[in-house]
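The structure appears right after this line, and notes come after that.
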Amino acid sequence: MTRLLSMKRRQFLQASAAAALVGAGPGLLSSRAFAQTALAVGFIYVGPKDDYGYNQAHAEGAAAVKALPGITVVEEENVPETVDVQKTMESMINLDGATLLFPTSFGYFDPHMLAMAAKYPDVQFRHCGGLWQEGKNPANTGSYFGYIFQGQYLNGITAGHATKSKKIGFVAAKPIPQVLQNINAFLLGARSVDPTITCQVIFTGEWSLAVKEAEATNALVDQGADVITCHVDSPKVVVETAAGRGAFVCGYHANQSPLAPEKYLTGAEWAWGNVYSDFVKKAQAGEKPGNFVRGGLKDGFVKMSALGPGVPEVGRKAFEATHAEMMKGGFSVFKGPLKDNKGSTVVTAEKSYAEDAIELESMNYLVEGVVGSTA
């Protein structure tokens, strides 16, 4: 039904938008003052809102925005990273009056969101994960993201205490910096427990490929991994497949503990409700939302699932101690000396990356102990 309504919106837009804009004149968008109390906000998802993962986490954030006074929320799910997302954005702007848009998927940023931002300079666009650059990208665009690799480091601590084989596994979509951060942090967290632990990674090549995700999970278990995590849009397949094979699992994006209550150790979750509510409140107050917004656990961008029954008491204490340090701020997951899995030094002894280090967003390596390749 959602998809049908989406198509109707796009068909209506294609048939009528040009004529409507010609008749409206230059005052159309400027008449929707961005500082007005009543605000229409658009959220666009690449997959279903109930995917137990990336899209569900953003939809939960949108639900928090819906509860704010004076806000109208417009949502569309299952929108591919093609020109379709441009049509969806135009529909939200011209048919729903949206003046603040959140296109949430990685591939929406360039060229799609940037093209719409140039066409609609009075509308504010904020993208999840895009590398917005001052002077290069339009002033009415920006990006936001959270340092969820902190959560994957904590996942790694529980994995380090749960593994018997000393082999842990990671199912990943694409080797972009945010994914590499998570793989590396997961192993580094485990190696803070036992430096001999290794992590096997398998890249599927896409954000959502259920068959390949199941195949990758089974392959990791076959190779001896007894704790699995992932960075794909919907961890549901990975979690259920791993637990079905008897492996422990660490979640990602949202809470997957109901899928494997006995095997779920913990999970790195987004707390987008805090982030989106802050953006919207600023817009209602007449302030322009920030262009480059980042935060970690202490900033309320990220949270952790409750610890499961598979985490031993010593693991719980280690988890809680490290979590407390992260909540203070300044905890460095990536600190030297650190080598990549090809033997080259990537972080020198005197350097460390705290959670607010921009250098992290250009990470292009896997750390020593990760079995796999970014190629």
| said: For a quick check under 3.5 Å, do Y264 and S305 share a side-chain donor-acceptor pair by atom type? | reply: yes
| said: For W270 and W272, take the angle between the two ring planes, folded into 0 to 90°, and tell me which bin it lands in: parallel under 30, tilted 30 to 60, perpendicular over 60. | reply: parallel
| said: Tell me if the aromatic rings of F186 and F149 count as close, with their centers under 6.0 Å from one another. | reply: no
| Any luck finding a side-chain donor-acceptor pair between Y45 and Y54 under 3.5 Å? | no
| message | Ring-plane angle category for Y144 and F102, please: parallel below 30°, perpendicular beyond 60°, tilted otherwise. | response | perpendicular
| query | Do M304 and H323 pass the side chain to side chain contact (heavy atoms under 4.5 Å, CB included) test, and can you show the C-alpha distance, the side-chain angles, and the key distance before you say yes or no? | reply | CA-CA 9 Å; M304 297 302 296; H323 185 276; 4.0 Å; yes
| field | Set of residues satisfying side-chain contact (heavy atoms from CB on, under 4.5 Å) with respect to E134, sequence neighbours excluded | value | W132
| message | For a salt bridge (charged side-chain N to carboxylate O under 4.0 Å, His left out) check, start with the C-alpha distance between R245 and D222, then their side-chain angles and the critical distance, and finish with the verdict. | response | CA-CA 9 Å; R245 292 290 306 276; D222 290 342; 2.8 Å; yes
| task | Give the C-alpha distance, both sets of side-chain angles, the deciding distance and a yes or no for ring pair (Phe, Tyr, Trp, His ring centres under 6.0 Å) between F125 and Y120. | result | CA-CA 10 Å; F125 300 79; Y120 298 100; 7.4 Å; no
| query | Rounded to the nearest 0.5 Å, how far does CD of E81 lie from NE2 of H112? | reply | 7.5 Å
| remark: Residue set satisfying side-chain contact (heavy atoms from CB on, under 4.5 Å) with V211, at least two apart, ordered chain then number -> E215
| Non-neighbouring partners of V311 that pass side-chain contact (heavy atoms from CB on, under 4.5 Å), sequence neighbours left out | T158, L265, L307, R316
